[in-house]
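Order of the sequence lines sets the chain letters (A, B, ...), proteins ahead of strands, with each chain counted from 1. When reading the values below, keep in mind they use all heavy atoms of this one structure, side chains included, and skip hydrogens, waters and symmetry mates.
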Amino acid sequence: MHWVDVYAEQLLGRGKKHFVESGTSISGEPHLGSAEDLIISDGIAKAIIEKGGECKAIWAMDDLDGLRKIPKQLPKEFEDYLGQPAFKLPCPDGCCASFADHFTRPFLENLARIDVKPEPVSVAKMYQDGKYDNVVRIAMDRAAEITAIIKEVSGSDRGDDWLPFFPICENCGRILTTQAYAWDGQRISYRCKGGIAGKNFIKGCGHEGAVGIRQGKLPWRVEWASRWSHLGVTFEPMGKDLMASGGTYETGKAICERIFNSPAPLAVPYEWIVIEGGKRLGKSAGRILTIGELIDIATPEIARYFFFRSKPTSHKDIDFGLGITKLAEEYEIAERTYFGQDMGLPEKEIEDVKRNYTASQISGIPERLSQVSYSHLISTVQVTNDWDHILEKLARTDDISGMTQAEEQRLKVKVEAVKTWLATHAPEDMKFQLQAEHPEIEISAEEKAILAKLLGKLEKAEWTAEKLHDSIHTTAVESGIKAGAMFNLMYRIFLNRTKGPRLGYLLASLDREFVVERVRHFST
RNA sequence: GGGCCUGUAGCUCAGCUAGGUGGAGCACCCGGCUCUUAACCGGGGAGUCAAGGGUUCGAAUCCCUUCAGGCCCGCCA
């Protein structure tokens with residue numbers, strides 16, 4: 001059984017109503033790994049619903065977290081904001097209501113393109129609206145027990161005076177720099193003494209004061225537990241780093257059960273996405289890879305497929321170069337398998353492969369197979385840019401007659417994806433440019449004779465990829481030159497380079513008049 | 001010291017939830033296509049399922065132990 005169904009059935013065994021939470025901290029643009037969390041949630045949620053259960057999905061924007069370091073793409077002025085909660089920061093480009101919006105809006109918009117649409121919730125707003133009042137009071141009243149639980153589970157001793165609350169300093173607006181030291185049942189007293197953020201120390205302003213329970217936040221381990229409890233979260237995907245013994249999940253679970261008297265959610269651990277065979281995203285990658293980029297070059301369905309084809313616990317190596325064509329090919333095999341074509345897969349695998357396909361769909365499962373392969377489009381879109389011409393050319397080599405509007409729309413999206421891939425990530429040797437004008441190249445007398453010989457064949461040949469390929473090959477044999485030299489010659493006069501896509505398909509997608517004219521020109 | 005995950009063909013991995021003759025793709029070898037690109041078609045060799053033990057009529061699968069790799073176990077998230 002596919003893993004989404006395994007989780008769904010396990011959860012349905014516990015109850016019919018489910019609630020999945022995902023959370024993302026806002027310290028710049030969320031990368032592909034942050035999206036993984038939400039996509040896993042979505043797959044399981046949909047499986048629960050298909051099996052007759054209910055499942056709500058919520059996405060917590062952790063905009064109350066302090067800014068710990070300045071994201072690379074931000075100007076230096078943001079240093080002043082270090083330690084301040086993300087919701088208070090301005091939009092770096094002045095285009096959005098806030099820093100948090102600026103980075104999360106494209107993230108959520110891109111997830112919506114693959115039908116991942118959790119209800120977004122601002123954590124800062126939840127505190128401000130008093131949604132956390134209850135849990136903060138409980139946490140403050142029972143601070144000593146919480147300290148004991150953390151010590152018991154994780155081995156870390158916060159000290160007897162520790163209070164599970166970070167006030168926002170009234171003077172400097174920072175949250176990473178404050179230390180709470182007293183709770184009188186209404187207000188929390190604190191000092192702004194400075195705090196550690198990674199390798200950096202963020203200076204406090206020295207202010208001492210007292211704030212109400214809506215002017216700050218619970219520490220992460222406590223907050224997570226409180227969120228599970230008051231929202232009634234039943235499962236939550238989490239990176240495997242949170243699953244260590246004594247780690248965040250274990251402490252949160254103990255706090256959730258013992259302080260808030262709620263069952264902890266089922267943890268769905270997942271592995272990191274890696275690039276280039278092992279580098280972690282975000283950390284060592286020089287560049288942020290986002291879900292939007294993946295969708296842009298792979299199509300929405302193939303982007304989803306990347307996440308569902310393997311278990312959450314296996315490593316996912318993403319390759320935006322040639323790897324995308326492999327991924328697309330694999331998806332296309334799954335699609336043909338779903339529609340009953342025998343792709344030579346072992347019996348045992350077929351059900352899961354079909355499930356990979358259905359889990360990857362975004363607007364219902366198509367009623368019939370209508371597929372033009374990604375690899376074929378790579379060559380087609382380089383011959384022409386125009387949609388009607390693309391259709392016309394595809395019609396010569398693929399059966400695309402009688403496409404429904406939905407099918408045409410999907411093809412359009414795929415064509416755009418291929419174009420984007422070619423423009424951004426394709427290796428150079430996959431690219432070519434059909435020469436609209438005669439390229440300025442030297443053609444020897446012998447080559448001219450060969451082209452003249454070919455010309456006669458082209459004028460009469462049936463205009464299919466196979467026949468054209470044959471004509472070219474026969475000409476080479478008759479002229480006593482190697483096939484390779486013949487193909488090389490053809491690429492030169494059409495592409496002004498020495499290699500290219502499969503020539504039969506390329507020529508078949510062009511007009512006979514154009515091809516004949518080009519060959520005639522170089523044969524004299 | 002502890003935890004989670006991973007270990008299956010040369011490589012990348014599926015199969016493990018619920019035990020029933022070990023699989024796929026790539027690579028390799030042979031043959032074919034008058035066939036250029038990381039092309040196509042047919043066939044083939046491939047393995048102590050990390051190791052050991054246990055349960056069982058039967059174990060890649062369940063249990064225990066060991067080994068190897070990755071990540072994690074101060075704060076913050």
Side-chain angles (χ1 to χ4, degrees), chain A residues 1-3 5-7 9-10 13 23-27 62 64-69 83 86 123 150 153-158 166 175-177 179 195-202 217 219-221 223-224 238-251 267 269-272 274 277-278 280 309-317 319 322-323 325-326 329-330 333 343-353 356 375 378-379 427 429-430 432 465-466 469-478 482-491 498-506:
Chain A
M1 203 193 293
H2 194 275
W3 60 268
D5 297 314
V6 172
Y7 276 114
E9 290 192 1
Q10 190 180 343
T24 307
S25 67
I26 314 302
S27 51
D62 284 311
L64 205 43
D65 297 345
L67 184 68
R68 303 165 55 72
K69 60 176 185 195
V123 172
I150 293 176
V153 178
S154 77
S156 134
D157 191 356
R158 310 278 148 133
F166 292 106
I175 192 168
L176 287 180
T177 51
Q179 186 178 44
I196 295 165
K199 287 173 192 159
N200 305 319
F201 180 80
I202 300 174
K217 73 184 289 285
W220 163 245
R221 285 168 200 253
E223 167 160 331
W224 214 22
M238 54 192 79
K240 61 170 188 173
D241 55 329
L242 305 178
M243 296 295 288
S245 153
T248 320
Y249 176 69
E250 225 173 77
T251 355
Y270 61 87
E271 263 286 355
W272 317 111
V274 296
R280 260 187 77 175
R309 64 171 175 166
S310 59
K311 288 179 296 192
T313 48
S314 37
H315 289 267
K316 292 175 191 64
D317 200 339
D319 171 8
L322 220 39
T325 65
K326 294 249 180 201
E329 210 169 288
E330 201 185 304
I333 287 173
M343 301 306 294
L345 295 173
E347 197 64 34
K348 272 173 128 181
E349 257 183 61
I350 290 178
E351 283 314 306
D352 277 353
V353 166
N356 285 339
S375 336
I378 290 174
S379 115
D429 59 2
M430 298 287 286
F432 66 87
E466 204 181 328
H469 193 103
D470 278 350
S471 307
I472 291 156
H473 208 276
T474 316
T475 307
V477 171
E478 287 172 5
K482 285 189 176 171
M486 181 71 208
F487 283 101
N488 178 298
L489 172 61
M490 293 298 282
Y491 288 128
T498 55
K499 286 192 170 186
R502 301 180 72 173
L503 196 53
Y505 287 98
L506 176 65

Assign the ring pair A/H473 / A/H469 to parallel, tilted or perpendicular, where the plane angle (0 to 90°) is split at 30° and 60°.
parallel

Atom CD1 of A/I333 and atom P of B/rC13 are separated, to the nearest Å, by 17 Å

Stems of at least 3 consecutive Watson-Crick or G-U wobble pairs (donor-acceptor distances under 3.5 Å) involving RNA chain B, listed by first number, are B:1-7 with B:67-73, B:10-13 with B:23-26, B:28-32 with B:40-44, B:50-54 with B:62-66

Check nucleotides 32-36 of chain B against the protein and report each pair of N or O atoms closer than 3.5 Å, with its distance, or say if there are none.
| unit_1 | atom_1 | unit_2 | atom_2 | d |
| --- | --- | --- | --- | --- |
| B/rU34 | O2' | A/H473 | ND1 | 2.0 |
| B/rU34 | O2' | A/H473 | NE2 | 2.9 |
| B/rC35 | O2 | A/H469 | NE2 | 3.1 |
| B/rU36 | O2 | A/Y491 | OH | 2.8 |
| B/rU36 | N3 | A/Y491 | OH | 3.3 |
| B/rU36 | O4 | A/H469 | ND1 | 3.3 |
| B/rU36 | O4 | A/L503 | N | 3.4 |

*Would you state whether a donor and an acceptor, one from the side chain of A/T248 and one from the base of B/rA77, lie under 3.5 Å apart?*
yes

Sorted by chain and residue number, the ring-ring contact (aromatic ring centres under 6.0 Å, His included) partners of A/F166 (sequence neighbours excluded) come out as none

Among the nucleotides B/rA77, B/rC76, B/rC16, whichever has the atom closest to the side chain of A/R68 is B/rC76

By salt bridge (charged side-chain N to carboxylate O under 4.0 Å, His left out), A/D62 pairs with (sequence neighbours left out) A/R227

A/L176 atom CG is separated from B/rA77 atom C1', nearest whole Å, by 10 Å

Separation of B/rC76 atom P from A/W224 atom CH2, nearest Å, is 15 Å

With sequence neighbours left out, the residues meeting salt bridge (charged side-chain N to carboxylate O under 4.0 Å, His left out) with A/E329 are none

Residues passing the salt bridge (charged side-chain N to carboxylate O under 4.0 Å, His left out) test with A/E250, sequence neighbours excluded, are none

request  = Tell me what A/I472 touches on the nucleic acid: a base, only sugar-phosphate, or nothing, going by heavy atoms under 4.0 Å.
outcome  = nothing

